[in-house]
Amino acid sequence: MEVSNREVARKLLLLSELQEITGDNVFKIRAFYRAADIIDRLNNPVALMSDEDLRLVPGIGPAIAKKVREIGKTGTCNELEELRAKVPPSLVELLNLEGVGPKTIAVLWKKLNVQCIGDLEKAAAGHRIRSLKGFGEKKEQGFLRSIALYRAAGGRMDRVEAESVINNLSGAFTPGTWVVAGSYRRGKSSIGDIDIVTTESASVINPKLKNRVDEVIDEGERRTSVRVRGHRVDIRFTHERQLGSMLIYLTGSKEFNIRLREIAIESGRKVNEYGVQERADGKIHEFSNEQDMFAFLGLQNIIPELRENQGEIELARNYQLPQLVGLTDIRGDLHVHSDWSDGSLTLEQLAMNGETLGYDYILCSDHSATLGITHGLDEEKLQRQSHEIERVNRMGGTCTLLHGTEVDILVNGSLGLQDHALSELDLVIASVHTSLKEDRDSMTRRVIMAVENENVDIIGHPTGRLLGKRPPFEIDLSRIIDRAKETGTSLECNASPWRLDLDDTDIRHSKELGVPISIGTDTHHEDDFSHMRYGVTIAQRGWCSAKDILNSLTLQELLDWAS
DNA sequence: GCCGTTTTCGGCCCGACTGTTTTCAGTCG
């Protein structure tokens with residue numbers, strides 16, 4: 001079986017982590033780290049790529065290409081195995097502890113034979129750390145706290161959790177003086193920590209934080225870090241006149257900032273969070289907004305959602321960034337449940353909500369009857385629903401209810417409703433809800449069968465992940481995307497903040513092959529309609545323009561597309 | 001280890017804060 005890009009990337013990442021602990025050249029380590037990240041985002045399987053094609057990928061040179069081919073063939077490579085023999089791989093987990101880096105790990109391992117987190121805990125509790133040169137009592141206590149924190153950690157946040165953490169702190173700031181930056185602002189589907197930029201001063205804000213946080217991690221005039229409900233929040237204080245550069249700096253991504261700084265170096269300048277500095281005379285140019293700073297660097301304004309160093313900077317230099325889809329391009333919601341299955345709204349209420357939102361259409365897509373827990377519809381009930389939908393549409397609202405279903409893809413790849421019933425519907429979503437643990441090949445073939453069914457228009461939440469709760473199915477998405485392109489089937493960007501499935505990079509791959517993306521909120525309750533904004537953000541991160549999005553079509557265009 | 005519209009060798013983003021130090025290394029974002 002072919003080794004997936006993810007596996008190759010993991011091996012290269014492990015290699016770079018072990019190199020870090022052994023104190024290898026930092027630039028070499030970074031080269032491996034970067035290569036891992038690049039390969040993880042690549043669509044074409046590197047295991048199948050020729051040497052020449054591999055070398056054409058920026059960031060992959062002769063040495064890494066050789067290792068990639070080795071891993072592609074054997075699942076591992078020589079250098080990795082040699083390092084594993086020399087360094088206990090369990091040490092790598094220590095890198096996850098806050099305040100513990102490769103140098104610290106190397107010392108602990110060599111001097112105290114610490115090989116895993118448990119060992120470190122015992123050494124710290126037994127006060128054996130403080131005897132080491134460069135270590136003291138505070139470090140010892142810090143390790144114990146980091147271990148406790150790591151074990152209790154809820155991991156990454158979904159966007160709803162992130163918003164509640166932000167709300168916890170919002171009272172400390174004067175409205176209009178602060179902006180949430182970081183991965184939250186870039187619209188990522190999951191968020192590690194929260195970054196905030198404020199124009200209020202540290203002396204004003206720091207005291208106000210005390211009773212709103214679990215812990216103050218560190219506190220300064222320029223930056224304060226706190227912990228709220230187990231999550232780290234970094235706050236940077238800035239002057240209004242430097243807000244632009246500080247926002248760019250703290251919004252990231254890290255890779256984006258590095259590329260930006262490289263570009264500045266080309267013209268003899270230095271970029272930091274305070275502005276752009278001329279190397280020659282030290283003069284600093286300050287920017288109160290991001291757009292001015294981008295313009296100064298010769299770049300088109302780059303929206304936060306694109307700042308991942310995935311080609312956007314090069315396009316911005318030529319003023320060729322695409323016009324991305326926006327919320328106002330969305331003419332309807334293509335995944336909504338009613339009280340005919342497990343939703344809470346009546347058909348009339350769906351139409352009324354659509355009207356309030358200014359939509360031209362809403363796809364009523366209740367579950368099929370095979371899914372016991374959701375009181376799904378069988379063929380007969382589906383027909384009765386059809387009459388009801390006609391009745392609601394005759395009431396003359398401005399939002400048309402389309403009749404569809406979210407039909408189950410059964411374990412053998414057949415669908416939970418008969419073809420004759422499906423062919424009567426306006427649009428059909430097909431989704432996997434059961435037997436989620438199948439192997440990669442079976443799951444892929446199962447979904448491809450649904451793609452190939454001529455009545456199926458959209459594959460719903462194609463990877464089945466639930467953020468932070470359930471990993472994606474084992475599935476070969478590149479095969480699904482290829483087949484969807486051939487059959488003209490759309491793939492869903494499920495806008496539920498707990499799914500966001502497909503995610504940005506998969507959306508970009510689909511879009512690049514011309515597979516239409518359908519954004520649906522998977523609404524079950526009235527509040528869920530507002531999740532459309534999350535879906536649009538992910539589509540922006542996937543470089544989609546309005547033309548790439550199925551529900552930016554007019555009602556007539558959509559019906560023509562489906563027929 | 002990668003890379004080149006100054007370079008095939010000599011660079012590689014930049015700064016804040018802590019702890020352990022008598023000037024800085026390590027970590028983090």
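Within every chain, numbering begins at 1; the chains are lettered A, B, ... in the order of the sequence lines, protein sequences first and strands thereafter.
Using atom C1' as the reference point in both B:dG11 and B:dA16, the two lie 25 Å apart (nearest Å). Annotation: B:dT21 and B:dA25 have their C1' atoms spaced 10 Å apart (nearest Å). Using P as the reference atom, B:dT5 and B:dG1 are 23 Å apart when rounded to the nearest Å. Of the C1' atoms belonging to B:dT8 and B:dG4, the separation is 8 Å, rounded to the nearest Å. One C1' atom belongs to B:dC9, the other to B:dC14, and the distance between them is 24 Å to the nearest Å. For B:dT23 and B:dT18, the C1' atoms lie 15 Å apart once the distance is rounded to whole Å. Comparing the same atom, P, in B:dG15 and in B:dG10 gives a spacing of 25 Å after rounding to whole Å. Here the separation of B:dT27 from B:dT20, taken at their C1' atoms, is 14 Å to the nearest Å.
Here the closest heavy-atom approach between residue A:I248 and residue A:N257 is recorded as O-OD1, 3.4 Å. Of all non-hydrogen atoms in A:E308 and A:E312, the two that sit nearest each other are N-OE2, 2.9 Å. Here the shortest heavy-atom pairing between A:P497 and A:D158 reads O-CB, 3.8 Å. Of all heavy-atom pairs between A:R223 and A:F237, the closest is N-CD1, 3.9 Å.
A side chain to side chain contact (heavy atoms under 4.5 Å, CB included) with A:D504 is found for one member of A:Q310, A:R541, A:H509 and no other, namely A:R541.
Residue-level contact check: A:Q141 touches neither bases nor backbone, having no heavy atom under 4.0 Å from any strand. Looking at heavy-atom distances under 4.0 Å, A:E137 makes contact with sugar-phosphate atoms alone, never a base. Counting non-hydrogen atoms under 4.0 angstrom, A:R317 reaches nothing in the nucleic acid. At the heavy-atom level, A:I60 lies under 4.0 Å from the strands shown only through sugar-phosphate atoms. Among the protein residues, A:V100 comes within range of the sugar-phosphate backbone only, with heavy atoms under 4.0 Å from sugar or phosphate atoms but none that close to a base. Contacts of A:T104 with the nucleic acid, taken as non-hydrogen atoms under 4.0 Å apart, involve only primed sugar atoms and P, OP1 or OP2. Here A:R269 lies out of heavy-atom contact (under 4.0 Å) with every strand. A:K133 comes within contact range of no nucleotide atom at all, as no heavy-atom separation falls under 4.0 Å.
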| request: Show the numbers, then the answer: is there a ring pair (Phe, Tyr, Trp, His ring centres under 6.0 Å) between A:W498 and A:H461? | output: CA-CA 11 Å; A:W498 302 287; A:H461 44 73; over 10 Å; no
| field | side chain to side chain contact (heavy atoms under 4.5 Å, CB included) between A:Y274 and A:F287, intermediate numbers included | value | CA-CA 8 Å; A:Y274 307 111; A:F287 306 93; over 6 Å; no
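Pair assignment for B:dT8: none, as no Watson-Crick or G-U wobble contacts are both less than 3.5 Å.
Projected onto DNA chain B by closest heavy-atom contact, A:V57 and A:D218 fall at different nucleotides, the more 5' of which corresponds to A:V57. Residue whose closest nucleotide on DNA chain B sits further toward the 5' end, between A:L97 and A:K67: A:K67.
Candidate nucleotides B:dC3, B:dC17, B:dG29 were compared by shortest atom distance to the side chain of A:R223, and B:dC17 ranks first. Which of B:dA16, B:dT27, B:dG1 sits closest to the side chain of A:F32 comes down to B:dG1. The side chain of A:R222 lies closest to B:dA16 when the candidates are B:dA16, B:dC14, B:dG1. Counting only heavy atoms from C-beta on, A:K138 has its side chain closest to B:dG19 among B:dG19, B:dG15, B:dG1. Minimum atom distance to the side chain of A:R236 is reached by B:dA16, of the listed B:dC28, B:dA16, B:dG19. With B:dG29, B:dT20, B:dC14 as the choices, the nucleotide that has an atom nearest any side-chain atom of A:K139 turns out to be B:dT20. Closest to the A:E273 side chain, of the nucleotides B:dC28, B:dG26, B:dA16, is B:dA16.
Between A:K254 and B:dC14 there is no side-chain N or O to OP1 or OP2 distance below 4.0 Å. Residue A:Y33 places no side-chain N or O under 4.0 Å from the OP1 or OP2 atom of B:dC2.
What separates CG of A:D234 from P of B:dC14 is a distance of 21 Å, to the nearest Å.
Residue A:Y249 places no side-chain atom within donor-acceptor reach of the base of B:dG15, judged by atom type and a 3.5 Å distance cut-off alone.
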| task | Spell out protein contact along nucleotides 4-12 of chain B as letters: B when the base is contacted, S when just the sugar-phosphate is, - when no protein heavy atom is under 4.0 Å; keep the 5' to 3' order. | result | --------B
